[in-house]
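Inspection log for the structure reproduced underneath, given as structure tokens.
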Amino acid sequence: MERFAIRGQICYSENQKTIRTIEHGYVVCEDGKSIGVFETLPEKWSGIPCHDYGDRLIIPGLIDLHVHAPQYPFRGLGMDQELIDWLNTHTFPEEEKYQDLEYAKKAYTIFLDDLLHSATTRACVFGTCHPDATLWLMEQMEVAGLAGYVGKVNMDRNSPEGLCEESAKASAEATENWILAAKNLSNVRPILTPRFIPTCSDELMELLSGLQKQYDLPMQSHLSENLSEIDWVKELQPKASCYGDAYRIHGLFGGDCPTIMAHCVYSGEEEIRMMKEQGVFIAHCPESNANLSSGIAPARKYMELGMQMGLGTDVAAGSSISLFRAMAMAIQCSKLRWRLVDQNQAPLTVEEVFYLATKGGGAFFGKAGSLEEGYEFDAVVIDDQKIRNARPLSVRERLERLIYLDGDARVEAKYIKGKQVI
Ligand code: GUN
Ligand code: FE
């Protein structure tokens with residue numbers, strides 16, 4: 001049995017309303033899991049190795065429920081269009097390049113290095129439709145010690161020639177081979193990733209549904225992000241009662257198929273009811289929704305309804321892989337929504353967005369996103385000394401400030417499932 005402790009200025013989310021802080025507290029790890037947070041180290045463990053991080057902040061690893069690894073090279077570029085034009089002008093031409101494994105390796109190396117040095121410990125990642133590049137990304141992500149799900153994207157219609165898979169059958173076959181090739185990985189698992197309804201034929205969705213059942217896989221996709229996209233889905237799938245129903249009719253919308261849907265900016269009552277009933281996770285991506293002028297998702301409403309929800313950076317529609325940035329944007333966008341759209345939906349609080357970035361998204365992984373007993377030991381040690389201040393701040397204030405000023409902080413150490421990865 002392997003046991004050790006880390007010590008520092010501890011900060012984690014107990015629930016949507018409460019952040020708990022413990023000054024110079026201890027988190028004890030046993031076989032990759034936390035066995036508790038303590039003010040003083042219990043006597044029975046007095047002899048275990050303990051790394052004292054002094055005045056550094058210790059928080060649970062942050063969870064990114066939605067990020068596109070191949071889009072990292074053009075983050076911060078081309079933000080002047082809405083979704084469909086942005087996909088055609090910026091995204092698809094970049095993703096075509098991942099046909100070339102050498103380019104993919106170069107680009108994914110940079111993405112993974114930045115992800116490793118960020119406060120993110122677990123991520124749900126979109127690759128491209130290319131199996132070799134996606135498998136390489138997964139293997140390297142695992143080698144780096146990161147955890148999460150990665151998807152080979154499926155797209156067999158309404159896509160440029162260089163990116164469109166040959167047929168539904170070819171797409172499903174490549175997906176099955178990729179699932180089998182990934183079987184030896186343990187911390188980075190495959191997730192079915194039909195890009196979104198406009199690029200996936202009914203035949204392809206049916207074949208993916210078969211693979212979902214056969215291999216018992218989760219799935220991730222996009223939902224109700226942009227108004228033209230929603231109109232297009234209505235045309236493409238007239239049988240569906242709403243956008244979400246276009247996934248549900250193929251058995252790919254929660255229930256026995258653990259599902260993450262990014263955005264949900266315009267989900268109506270029926271779609272919301274279906275998501276809640278089926279336990280579909282919402283990846284709230286406020287920066288992306290602002291950059292592509294998509295809108296502002298009603299995150300307050302989703303919280304009040306007790307929906308499953310976490311945050312996504314959605315790089316490159318979101319420009320930063322920082323979940324602190326996503327937290328700040330979630331608060332800021334909720335304020336604009338409250339002021340301009342619906343005065344009954346109060347802005348999100350620091351407690352709430354910290355919950356979303358940790359326990360909220362972490363629930364997709366079982367017990368992740370907290371330092372409490374029984375959770376996976378995913379912890380991040382942050383040096384915020386460069387953010388200078390004339391007066392002393394409480395641990396809670398230092399976390400709050402970090403949400404807005406994270407660019408000036410540095411991740412000093414990171415643990416995932418009890419293993420130190422930096
Ligand atoms: N919908 C389909 N593909 C994408 C994508 O790559 N990014 C975003 N934000 N939405 C999408
Ligand atoms: Fe996305």
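Note that ligands are numbered from 1 as they come in the structure, with each ligand's atoms numbered from 1 the same way.
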Write the atom name of the N, O or S atom in [X] that is nearest the Fe ion (ligand 2).
X: Asp314; answer: OD1
X: His222; answer: NE2
X: His68; answer: NE2

Region of [X] that comes within reach of ligand 1 [heavy atoms, distance under 4.0 Å]:
X: Trp86; result: side chain
X: Leu87; result: side chain
X: Glu229; result: neither

Report task. Without swapping roles, check the side chain of Asp378 against the backbone of Lys417 for a donor-acceptor pair under 3.5 Å. Result -> yes
Just by distance, no angles: are the side chains of [X] and [Y] close enough, under 3.5 Å, to form a donor-acceptor pair?
X: Gln71; Y: Glu95; answer: yes
X: Tyr72; Y: Glu94; answer: no
X: Asn15; Y: Thr18; answer: yes

Query raised in the report: Are any of the side-chain nitrogens in Lys367 or Glu373 under 4.0 Å away from the carboxylate oxygens of its partner?
Result: no
Query raised in the report: Looking at Asn88 and Pro93, what are the two nearest heavy atoms and their distance?
Result: O-CD, 3.4 Å
Query raised in the report: Quick one: nearest non-hydrogen protein atom to atom 10 (N) of ligand 1, plus distance?
Result: Glu225 OE1, 2.8 Å
Query - Test of proximity, Arg195 against ligand 1: N or O pairs below 3.5 Å - result: yes
Query raised in the report: Can you say whether the rings of Tyr243 and Tyr247 are parallel (under 30°), tilted (30 to 60°) or perpendicular (over 60°)?
Result: parallel
Using a 4.0 Å cutoff against the non-hydrogen atoms of [X], which atoms of ligand 1 qualify?
X: Asp314; value: 8 (C), 9 (N)
X: His263; value: 9 (N)
X: Gln71; value: 5 (C), 6 (O)

Requested in this report: Measure the OG-OH distance between Ser34 and Tyr375 for me, rounded to the nearest 0.5 Å.
Outcome: 10.5 Å
